[in-house]
Amino acid sequence: MPQRETWATRVGFILAAIGSAVGLGNLWQFPFKTATNGGAAFVVFYLVAVLLIGFPAMLAEFSLGRRTKRNAVDAFSRMGHRSWRIVGVLAVLTGFWILSYYNVVGGWVMRYILGSATGAYFDDPAAYFGAVSSGPEAVVAQALFLGIVVAIVALGIEDGIERATKVMVPSIVVLMIALAVWVATLPGAAEGYAFFLSPNVDTMIANAGSIIPFAVGQAFFTLSLGMAIMITYSSYVGRDDNLIVDGASVVVTNTIVGVLAGLVVFPILLTIGADVTTDTGGAGALFVATAAGFGSVPFGRLFGIVFFGVVLIAALSSAISLLEVTVSYANDNFDVSRPVLSIGIGIALFLLGVPSAMDTAWLTWFDNFAYQVFLPLSVLLLIVFVGWVVGQEALEELLSGAEGYRTFGTVWLWTIRIVVVIAVLATLALGVNEMFLVEDAAFFEPL
Ligand code: PFF
């Protein structure tokens with residue numbers, strides 16, 4: 001078996017993990033879930049969920065990945081628990097499933113960059129979305145997006161993923177800041193900030209029960225948890241890196257980009273007078289609502305190109321991480337070269353994504369299933385494994401390179417054992433209820 005690859009630098013790992021975390025989850029789902037779940041009240045719950053549940057869960061994935069230095073499936077046998085491999089299989093399948101339709105949305109984003117340049121969506125944003133979101137053209141766009149992802153992953157950890165994300169992540173942050181400054185000059189800016197940033201305590205209390213599971217689900221998705229990504233990425237990390245500090249950097253940067261997304265999107269929407277709480281549901285919301293905004297603000301074309309350009313970079317650096325999960329598994333187990341594996345898996349992903357590209361109803365169904373069943377189930381089993389089955393060993397791994405953090409480590413272990421398990425169980429129960437038991441359930445339209 002050839003020598004397993006590693007990150008060339010610690011910063012390379014952190015940037016790749018940030019690249020994975022920062023994606024459509026931040027730039028699109030976060031602002032729109034905020035809009036439909038009570039504005040700033042949702043933001044408060046989301047921040048708590050990220051800190052109290054997402055961050056500890058991420059550290060759990062990190063400790064498992066680095067301990068075993070294997071892909072997400074074989075990691076479990078390396079820990080001496082072969083039967084738990086099924087959890088790894090579930091996580092890999094979850095990632096594969098999600099990536100199949102994520103590529104389709106990546107294809108839409110590419111079309112929107114083009115549409116911004118030509119002004120094609122300015123007259124009728126809803127009709128443009130209808131034209132590009134499904135059908136043969138969407139299949140072609142999906143293939144193009146996936147082609148770029150496959151090419152980067154085929155180049156490997158250091159030459160492909162690390163090199164690409166080193167450029168991508170700083171670009172995302174800089175461009176988002178530039179956009180936020182730009183929209184601050186729009187007439188609807190103050191109203192947008194108020195909606196996004198001043199929580200209504202009454203709404204928070206009244207809707208806590210329904211908002212919290214959404215906030216927890218969003219925390220997992222946005223931090224790329226439950227898809228085996230963080231297990232895989234951390235399996236290429238050295239023993240003396242401080243995983244706690246690395247994880248904190250990922251969480252903080254990811255949150256900053258999510259908040260920046262809100263600071264960009266809401267002023268635009270309120271400037272054009274959109275009713276943000278109702279105009280925003282459904283698969284096309286980001287595209288239709290923000291495109292309508294670009295159609296009527298000064299310098300709309302340039303604005304649109306930059307905005308959708310950032311979305312594209314963010315989506316690419318996330319999709320790369322997800323393809324890497326399956327490629328890493330195959331690479332550890334079969335004597336086939338990385339480029340061939342990347343292309344082969346890319347073709348399988350493409351085929352699974354065709355229904356979503358042909359009909360957005362399929363895409364929404366795939367997404368709902370992932371969000372409400374696959375993701376929470378996968379996180380739950382993983383947390384039970386790390387927390388209860390291999391607890392002390394995981395803790396020792398987390399503290400390797402972070403020796404001064406023993407108290408933090410003990411608190412972490414009990415947090416995943418109790419708090420995270422309860423929160424995920426509740427989220428899963430709600431998801432299953434919505435998916436299977438409630439007739440005409442109003443899905444929380446993630447895409
Ligand atoms: N954290 C990513 C995001 O917020 O978009 C989640 C993700 C989704 C990662 C799809 C990778 C991916 F292919």
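As the structure lists them, so they are numbered: ligands from 1, and atoms in each ligand from 1.
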I'd like to know if the side chain of [X] pairs up with that of [Y] as donor and acceptor (distance under 3.5 Å, no hydrogens or angles considered).
X      : Y      : result
Ser198 : Tyr193 : no
Asn254 : Thr222 : yes
Arg70  : Ser77  : no
Glu162 : Tyr236 : no
Ser20  : Ser224 : yes

* Polar-atom distance check: Thr222 versus ligand 1, any N or O pair below 3.5 Å? ->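 So ligand 1 has an N or O lying under 3.5 Å from an N or O of Thr222.
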* Could you tell me whether Met227 and ligand 1 have an N or O pair separated by under 3.5 Å? =>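 Between Met227 and ligand 1, no N or O pair is found under 3.5 Å apart.
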* On the 0 to 90° scale, with breaks at 30° and 60°, tag the Phe221-Tyr102 ring pair as parallel, tilted or perpendicular. =>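 It falls in the tilted class, 30° to 60°.
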* Describe, in one word, how the ring planes of Phe129 and Tyr112 are oriented to each other, choosing from parallel (under 30°), tilted (30 to 60°) and perpendicular (over 60°). => tilted
Ligand 1 atoms in contact with [X] (distance to a heavy atom under 4.0 Å):
X      : value
Ile98  : 10 (C)
Ala319 : 13 (F)
Leu322 : 10 (C), 11 (C), 12 (C), 13 (F)
Ala21  : 1 (N), 2 (C), 3 (C), 4 (O)
Ser20  : 1 (N), 2 (C), 9 (C)
Gly25  : 3 (C), 4 (O), 5 (O)
Leu99  : 13 (F)

* How far is atom 5 (O) of ligand 1 from its nearest protein heavy atom, and which residue and atom name does that atom have? -> Tyr102 OH, 2.6 Å
* Please state which protein non-hydrogen atom is closest to atom 6 (C) of ligand 1 and give its distance, to 0.1 Å? -> Phe221 O, 3.2 Å
* Between Ser318 and ligand 1, find which residue part has any heavy-atom pair under 4.0 Å and reply side chain, backbone, both or neither. =>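 The answer is both, backbone and side chain.
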* Asked: Asn242 versus Arg10: any side-chain heavy-atom pair under 4.5 Å?
  ->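 Answer yes - side chains close enough.
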